[in-house]
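Beneath this line is the structure, given in structure tokens, with notes to follow.
Since this is a predicted model, take the numbers as computed values, not measurements. The chains referred to below are lettered A, B, ... by the order of the sequence lines, with proteins before strands, and numbering in each begins at 1.
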2 protein chains.
Amino acid sequence: MPVELSCKSEYALLALLELADVYTSKEPLQIRQISAQQHIPDRYLEQLLATLRRGGIVRSQRGAKGGYLLAREPRKITLLEIVACLEGFDAQAKEQEDAAKFTKTLEGGIIAEVWQEADQAAKTILQNYTLQDLCDRRDARQQLDLMYYI
Amino acid sequence: MPVELSCKSEYALLALLELADVYTSKEPLQIRQISAQQHIPDRYLEQLLATLRRGGIVRSQRGAKGGYLLAREPRKITLLEIVACLEGFDAQAKEQEDAAKFTKTLEGGIIAEVWQEADQAAKTILQNYTLQDLCDRRDARQQLDLMYYI
DNA sequence: CAAAACCCTAGTGGAAAACCGGAGTATACT
DNA sequence: AGTATACTCCGGTTTTCCACTAGGGTTTTG
């Protein structure tokens with residue numbers, strides 16, 4: 001499948017789901033708690049959260065009793081924004097690609113254009129999902145599973 | 001950008017464009033010719049063409065005056081088919097993914113579903129482009145460039 | 001001040017991608 | 001028939017990237 005779901009993105013999304021769950025409480029969640037809950041290597045998760053912080057998706061509170069919180073409400077955070085932040089295709093990657101597209105051979109440029117179009121289609125999907133959507137969908141699924149169990 | 005364009009796929013597409021150009025002549029094109037024309041390492045291209053042959057996209061003629069030809073007309077070959085052949089996500093990868101989707105945690109499953117959706121959107125784009133479309137587009141672009149030059 | 005937490009940077013291991021080489025096999029031409 | 005040409009098969013090498021680890025620093029609470 002052309003669209004990759006990297007370990008990195010999955011970890012980040014799982015962590016962000018945890019943060020979304022407690023968003024209304026305004027209490028920070030610590031790396032250890034998240035990593036234990038979602039089975040993510042803590043030192044690795046730390047890096048991902050740092051990246052998300054620089055991207056303005058989460059904010060952090062330092063010192064004892066510190067931790068991470070969502071920077072905005074879950075409704076205002078799209079999945080595209082998250083993966084863009086992590087995979088880092090925001091500005092510098094764009095330029096490189098555009099430059100490469102024009103310096104390449106004619107055929108290479110055509111191919112790149114088509115891929116760009118496929119990429120845009122995938123991005124649009126991710127653009128239209130928010131963290132809240134994921135939470136809602138999970139809750140609905142959980143409810144359904146419970147009904148089957150009874 | 002979520003949708004990768006591997007070196008492998010690009011090489012293959014460039015080679016197939018060459019083959020599409022001479023499709024009507026029914027004359028085979030040799031690896032050396034293609035690799036020289038498109039600046040592709042010949043021994044690597046050889047592997048790719050072998051894969052495409054097993055996938056029924058090209059056919060080969062052995063011996064002296066041998067080479068490769070498209071197995072079908074360029075109109076009948078979609079880009080999705082090509083990358084699926086090379087990247088090998090046809091049957092066994094599907095099963096693994098579906099299995100993983102269900103054995104994963106609930107959250108992981110939800111995420112996988114969304115990614116599947118984004119993937120499908122990208123695939124649909126690639127499904128709707130044929131080799132002939134690429135050729136046409138290239139020719140149109142070349143014509144345009146020529147007009148600007150004059 | 002000490003403990004708890006985040007912060008920064010560098011590096012490691014392993015796997016996959018990209019690429020190379022050699023021996024074998026089929027085909028055309030003479 | 002024999003030889004040159006080109007594909008075929010398969011194993012090895014190199015390079016790149018990803019997931020992960022490590023260590024030393026800084027901020028905040030109590």
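Scanning for salt bridge (Lys or Arg N to Asp or Glu O under 4.0 Å) contacts around Asp42(A) gives Arg32(A), with sequence neighbours left out.
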Letter per nucleotide, 5' to 3', of nucleotides 12-23 of chain D [B base touched, S only sugar-phosphate touched, - untouched; heavy atoms, 4.0 Å]: -------BBBBB
Per-nucleotide protein contact along nucleotides 24-30 of chain C, 5' to 3', at a 4.0 Å heavy-atom cut-off (B base, S sugar-phosphate only, - neither), is BBBBS--
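The shortest distance between the side-chain N/O atoms of Ser60(A) and the OP1/OP2 oxygens of dC7(C) is below 4.0 Å. Distances shorter than 4.0 Å separate some side-chain N or O of Arg54(A) from OP1 or OP2 on dC8(C).
In this entry the distance linking CG of Leu69(B) with P of dA6(D) reads 14 Å, nearest Å. Rounding to whole angstrom units, CG of residue Leu49(A) and P of dC8(C) are separated by 13 Å. One can place CG of Leu86(B) at 13 Å from C1' of dA17(C), the figure rounded to the nearest angstrom. Between the CG atom of Leu52(B) and the C1' atom of dC7(D) there is a distance of 15 Å, given to the nearest Å.
With Glu81(A) as reference, Ile57(A) is the one residue of Leu126(A), Ile57(A), Thr130(A) to meet the side chain to side chain contact (heavy atoms under 4.5 Å, CB included) rule.
Side-chain N/O atoms of Gln132(B) and Asp136(B) include a donor and acceptor closer than 3.5 Å.
Nucleic acid contact for Arg59(A): none, since no nucleic acid atom lies under 4.0 Å from a heavy atom of the residue. Residue contacts shown for Arg32(B) are absent, as no nucleic acid heavy atom lies under 4.0 Å away.
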